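For reference, the structure is listed below as structure tokens.
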There are 2 protein chains.
Amino acid sequence: MDGLETRELRYFVAVAEELHFGRAAERLNMAQPPLSRAVQQLERRLGVVLLDRDRRGVSLTAAGAAMLAEARLALDAVDAVVRRTRRAAAPTPGLVLTTKAGASHELLKRLLDAYAARPGAVEVDVLLCEIGGQGQLLRNGSADVALVHSPFDVLTGLDTVEIVTEGQVAIVPAAHPLAQRTSLTVAEVSDVPGLPIARWPQHDGTYPPGPGPEVRTQSQLAQLVALGRTLLVIPGSSRAWQWPEHVAVPVVDAPEVTTLLAWPAGARSAALDGLLETAAHLAASASS
Amino acid sequence: MDGLETRELRYFVAVAEELHFGRAAERLNMAQPPLSRAVQQLERRLGVVLLDRDRRGVSLTAAGAAMLAEARLALDAVDAVVRRTRRAAAPTPGLVLTTKAGASHELLKRLLDAYAARPGAVEVDVLLCEIGGQGQLLRNGSADVALVHSPFDVLTGLDTVEIVTEGQVAIVPAAHPLAQRTSLTVAEVSDVPGLPIARWPQHDGTYPPGPGPEVRTQSQLAQLVALGRTLLVIPGSSRAWQWPEHVAVPVVDAPEVTTLLAWPAGARSAALDGLLETAAHLAASASS
DNA sequence: TAGCGGTGATACCGGTGGGGTATCAGTCCC
DNA sequence: GGGACTGATACCCCACCGGTATCACCGCTA
């Protein structure tokens with residue numbers, strides 16, 4: 001009846017992502033025939049057609065698409081078992097905190113310092129990740145807690161505690177006329193001639209179309225602003241990495257950004273509780 | 001390095017729950033020796049000691065306890081793959097809504113009627129579960145959405161939308177002096193001589209100690225109240241199942257109860273969106 | 001239309017390893 | 001010290017996973 005092994009899930013995910021048995025088999029370091037067979041067996045056992053093998057290629061059925069999403073979550077959960085178990089077994093368990101490189105640097109520093117001063121504090125490793133990558137790292141057990149920014153980061157499935165809410169600033173090249181302003185509006189900074197918004201890679205690694213430069217890292221972005229090629233709008237506290245060639249101008253009508261600590265729902269531990277309490281104190285002192 | 005099959009997780013969970021290789025093997029319908037071997041291999045591959053095999057029995061190490069919690073979540077996620085895939089493949093996919101038997105009956109009826117009247121509404125199956133069982137059913141894919149009650153039900157990992165907030169009433173035997181009152185306080189209904197609060201089974205199936213009667217179902221409870229053996233405090237809308245021998249008295253200082261729809265974070269679908277929208281309308285009309 | 005490249009499915013085979021039985025090795029208890 | 005009980009070890013077998021070889025089907029092209 002049931003039983004479904006993770007091997008079968010991995011096979012299906014590979015095929016569903018590649019939409020090509022040969023390439024999927026290559027990715028799995030195996031030959032194509034056993035992969036075809038395994039997926040057929042999976043479909044028979046589920047009693048569900050997951051893939052349409054038409055002439056000229058493979059495509060997902062509706063059920064296959066549903067299964068792909070669920071299977072990814074399940075595989076993440078299985079990976080999380082290994083990672084969290086290994087960390088729980090470490091001589092000094094510690095915590096892993098993940099955040100976007102460069103974001104909320106000052107706040108993070110205050111949080112870590114305050115937590116380290118607590119009695120019974122454990123070591124906190126900081127794991128820098130790409131934009132929007134925190135959720136994945138929490139789900140697959142690579143991290144215990146993340147510093148995230150609402151409304152930018154997806155928070156579904158995570159418990160959170162707010163730390164601070166703040167306005168946003170535009171980072172513009174010092175030489176640009178906008179740098180003279182004391183405040184700006186969203187309308188003024190969107191679609192500035194000669195300063196197109198930079199484009200970040202999407203989930204599949206490709207870039208959306210548009211006039212702005214393609215970037216992968218914060219430092220690339222910083223340099224591009226310094227070169228007068230783009231501008232960006234970020235939370236005020238992120239200006240820590242501002243260059244001499246940058247000018248920060250408040251954007252008065254930009255949506256407020258809330259910095260939060262997020263953790264996988266239900267994955268509390270004594271160490272995490274300590275960090276959350278520290279964060280709550282920080283939030284209280286910041287708002288007073 | 002990685003790899004971990006669900007079979008290994010099932011084996012470990014069985015042993016960790018039974019704390020006895022023989023019984024665990026019996027539960028798994030296999031012999032004890034291969035089970036011992038499999039768990040040993042698992043420990044070697046992880047490089048982590050999960051179980052202490054002391055004289056007189058088996059016990060979990062700290063890492064083993066952590067792994068047990070994670071493994072249960074992962075196995076639920078794998079089960080969810082099967083259930084949700086099968087449902088997605090059904091000719092008419094439908095939605096499965098779960099709730100505690102007897103709770104918010106009127107509200108549920110209004111919600112389902114209103115949703116059924118929507119264009120494009122799919123069939124909604126109602127799955128009645130035991131107290132507090134909704135989270136498990138959502139996690140393992142047995143249900144798509146649940147009707148839950150804050151602060152009673154655990155909401156971690158679930159996205160929610162509020163429907164209605166209401167006060168609580170005490171359900172007391174009509175023959176009891178308290179039935180004459182027009183309002184009560186928490187202090188008055190806790191520890192009433194001769195009317196001890198009923199006890200519900202815990203997660204492991206055993207009952208907490210105390211003077212109250214042991215119950216498993218709402219109808220048992222209803223009968224016990226009618227017999228004058230206990231009283232209970234529940235949301236006002238739950239009085240639908242009130243008997244002639246019951247009297248409902250508002251408890252003025254009891255915490256308010258919020259009825260919500262909850263669903264696994266990130267598991268949105270077109271059908272679910274329709275139901276949530278209906279619930280939002282219901283909430284708006286109820287508050288106005 | 002015949003050939004060819006490319007795709008997934010089928011046929012068959014060998015080795016690994018998961019699961020079985022039989023037994024051993026401790027421990028506790030009378 | 002013997003028996004009951006528990007988990008570990010020894011050994012065996014065969015199911016099944018993965019490999020190679022090949023087929024069947026389609027579309028393109030000359």
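Keep in mind that this is a model prediction, so the values were computed, not measured.
Listed by chain and number, the residues in a side chain to side chain contact (heavy atoms under 4.5 Å, CB included) with Ser36(B) are Phe21(B), Gln32(B) (sequence neighbours excluded).
Put simply, CG on Asp52(A) is 18 Å from P on dT7(C), counting in whole angstrom units. We find that CZ of Arg44(A) is positioned 12 Å from P of dC16(D), with the value rounded to whole Å. Note: CD (Glu26(B)) to P (dG19(C)) measures 17 Å, nearest angstrom. One interatomic measurement links the two molecules: CG of Leu51(A) to C1' of dT7(C), which rounds to 14 Å at whole-angstrom precision. One interatomic measurement links the two molecules: CG of Leu42(B) to P of dG17(C), which rounds to 16 Å at whole-angstrom precision. Atoms CG (Leu28(A)) and C1' (dG19(D)) sit 15 Å apart, rounded to a whole Å. Remark: P of dG18(D) and CZ of Phe21(A) are 15 Å apart, rounded to the nearest angstrom. Spacing between atom CZ of Arg7(A) and atom C1' of dG18(C) amounts to 12 Å, rounded to whole angstrom units.
The CG atom of Asp79(B) sits 6.0 Å away from atom CG of Asn140(B), with the distance rounded to the nearest 0.5 Å. The line from OH of Tyr11(B) to CZ of Arg27(B) is 12.5 Å long, rounded to the nearest 0.5 Å. The line from CZ of Arg87(A) to OG of Ser142(A) is 7.5 Å long, rounded to the nearest 0.5 Å.
Between Leu138(A) and Arg84(A), the shortest heavy-atom contact is O-NH2, 2.7 Å.
Side-chain atoms of Gln136(A) and Arg139(A) include a donor-acceptor pair closer than 3.5 Å.
A heavy atom lying under 4.0 Å from DNA chain D marks the following residues of residues 29-38 of chain B, by number: Gln32(B), Pro33(B), Ser36(B), Arg37(B).
Using a 4.0 Å cut-off between a side-chain N of Lys or Arg and a carboxylate O of Asp or Glu, Glu17(B) and Arg23(B) do not qualify as a salt bridge.
Under 4.0 angstrom from either OP1 or OP2 of dT10(C) there lies at least one side-chain N or O belonging to Gln40(A). Proximity of His20(B) to the phosphate of dC5(D): no side-chain N or O atom is located under 4.0 Å from OP1 or OP2. One finds a side-chain N or O of Arg53(A) lying less than 4.0 angstrom from the OP1 or OP2 phosphate oxygen of dA9(C).
Within a 6.0 Å radius of CD in Glu18(A), more than 12 heavy atoms belonging to other residues, nucleotides or ligands are found.
The listed nucleotides are dG8(C), dG18(C), dG7(D); the one nearest the side chain of Gln41(B) is dG18(C).
Between Leu261(B) and the choices Val148(B), Thr278(B), Leu147(B), Leu272(B), the side chain to side chain contact (heavy atoms under 4.5 Å, CB included) rule is met once, by Leu147(B).
Comparing the end axes of the helix from dT1(C)-dA30(D) to dC30(C)-dG1(D), each fitted to five base pairs by superposing C1' atoms of four pairs onto the next four, gives an inter-axis angle of 10° (nearest 10 degrees).
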